[in-house]
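Working notes, structure below.
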Amino acid sequence: MSNLNGWGLTARLISKHFGVLGDKVSEAIANFDPETATEADRDRLADTLRETAQKLASARASFDKEQADVIKLRALIENDEKATGTLADRLAAGKISEATVSLFCDELEANKSRLPLEVQEQADAQEYMGELQKIVDALSQQLAEFDATAKKAMQNLASARAQKDLQELRVERQSQLSSLSGLKGQSSALNALTRRAQTVSNEAAGMRIVADIGQKPLDQAAEIDAIRKSVSQADTSAESTVDRLKRLSAKPQDPVMAAA
């Protein structure tokens with residue numbers, strides 16, 4: 001048996017037992033990497049595993065048959081060897097013919113000479129079965145590694161997609177908030193209306209100042225006129241009815257006469 005291990009051994013065994021097709025398959029198996037393999041690579045690996053498993057089942061049956069043949073032949077030889085003493089006594093006593101004993105001896109010698117061949121065939125069948133078992137084990141392990149790697153990759157992909165969806169949602173929400181903030185603080189129509197209201201308010205305040213300045217002389221003149229009227233009017237609040245009649249009946253004096 002070779003001292004090769006791992007996929008090198010597996011490739012060699014496949015090449016040995018699968019012929020020309022095995023050479024191509026073994027090369028692919030030896031270079032198989034679950035990190036970079038495709039689903040098609042995985043399918044080819046699984047097909048090889050199924051075919052090898054079928055060969056293994058057949059090899060087991062063949063080994064069982066070879067083993068049974070060796071056991072049976074050894075038992076027959078052992079039994080015939082025990083019978084040789086009895087046959088010798090019977091031949092000496094003339095109870096059995098020499099030809100019969102000679103034929104028995106021929107068969108015993110033939111079985112003894114055939115036993116090493118049967119043992120070798122059993123060993124070959126056992127070795128073949130063992131090699132196929134190694135191939136099946138290696139292929140099974142590689143398939144398991146592929147499936148585990150694929151599962152992890154799918155989980156990572158799902159996680160990455162979830163993260164992408166989350167970030168896209170965050171960007172969309174930020175865009176919406178930015179748009180709403182623009183409507184609130186940067187509306188040109190609202191800004192123009194605010195500026196117009198301030199302008200009108202400033203104009204009104206200016207007009208009020210002008211009006212207050214123009215109104216002041218008018219108020220002062222009215223106040224002076226009121227003072228004059230209050231001085232020129234006689235206080236008649238204590239005037240009696242008789243005095244009032246005298247006052248009303250008196251004729252005003254001529255200014256010239258009054259001067260003389």
Side-chain angles (χ1 to χ4, degrees), residues 1-32 34 41-147:
M1 293 295 292
S2 171
N3 292 325
L4 296 175
N5 294 316
W7 286 107
L9 174 60
T10 304
R12 184 187 68 81
L13 296 178
I14 291 179
S15 296
K16 175 181 178 181
H17 299 297
F18 287 76
V20 176
L21 177 62
D23 293 337
K24 296 180 180 179
V25 173
S26 63
E27 182 179 357
I29 295 302
N31 297 327
F32 184 84
D41 296 328
R42 196 266 183 198
D43 291 341
R44 284 191 292 270
L45 196 64
D47 290 340
T48 303
L49 173 59
R50 283 191 292 270
E51 184 176 353
T52 307
Q54 292 173 357
K55 286 183 175 291
L56 175 60
S58 177
R60 286 175 177 174
S62 178
F63 169 74
D64 290 342
K65 179 180 179 303
E66 295 295 342
Q67 186 178 45
D69 289 345
V70 169
I71 293 174
K72 181 179 179 181
L73 183 58
R74 280 176 171 169
L76 179 59
I77 291 173
E78 183 180 358
N79 187 68
D80 286 352
E81 287 175 342
K82 292 179 181 180
T84 55
T86 302
L87 289 176
D89 293 340
R90 293 181 65 184
L91 180 61
K95 294 181 179 180
I96 189 173
S97 66
E98 186 174 341
T100 300
V101 174
S102 179
L103 179 60
F104 177 84
C105 290
D106 290 342
E107 291 183 355
L108 178 57
E109 289 178 348
N111 288 337
K112 283 187 175 183
S113 63
R114 187 164 61 90
L115 180 61
L117 179 61
E118 292 291 340
V119 171
Q120 185 60 49
E121 289 179 351
Q122 176 191 0
D124 290 345
Q126 185 174 10
E127 181 182 5
Y128 179 59
M129 179 182 65
E131 289 179 343
L132 291 177
Q133 183 65 60
K134 290 178 181 179
I135 296 174
V136 169
D137 292 343
L139 293 176
S140 299
Q141 179 182 356
Q142 196 68 358
L143 273 178
E145 291 176 359
F146 178 91
D147 291 339

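Between E66 atom CD and M129 atom CE the span is 11.5 Å, to the nearest 0.5 Å. Atom CZ of residue F146 and atom CG of residue D43 lie 8.0 Å apart, to the nearest 0.5 angstrom. Rounded to the nearest 0.5 angstrom, L45 CG and E145 CD are separated by 10.0 Å.
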* Hey, mind stepping through E121 and V70 against side-chain contact (heavy atoms from CB on, under 4.5 Å) and telling me if it holds? -> CA-CA 9 Å; E121 289 179 351; V70 169; over 6 Å; no

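When all heavy atoms of S113 and P116 are compared, the closest pair comes out as O-CD, 3.3 Å. Scanning both residues, A59 and L132, for their nearest heavy atoms gives CB-CD1, 3.7 Å. For S140 against L49, the heavy-atom pair with the smallest separation is OG-CD1, 3.8 Å. Shortest non-hydrogen contact noted between A125 and F63 is CB-CA, 3.8 Å. Considering every non-hydrogen atom in both I96 and T100, the closest pair reads CD1-CG2, 3.8 Å.
Looking at N111 and E107, their side chains never bring a donor and an acceptor atom within 3.5 Å of each other. No side-chain donor from either of E118 and Q122 sits under 3.5 Å from a side-chain acceptor of the other. A donor atom on one side chain and an acceptor atom on the other are found under 3.5 Å apart for D124 and Q120.
Using a 4.0 Å cut-off between a side-chain N of Lys or Arg and a carboxylate O of Asp or Glu, K65 and D69 qualify as a salt bridge.
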Can you give each donor-acceptor pair under 3.5 Å made by side-chain atoms of residues 76-94, sequence neighbours left out, with the distance rounded to 0.1 Å?
residue: E81; atom: OE2; partner: K112; partner atom: NZ; Å: 2.8
residue: T84; atom: OG1; partner: E81; partner atom: O; Å: 2.6

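Side-chain atoms of Q133 and R60, non-hydrogen and from C-beta on, do get closer than 4.5 Å to each other.
The backbone N or O of E98 sits nowhere less than 3.5 Å from a side-chain atom of S102 that would complete a donor-acceptor pair.
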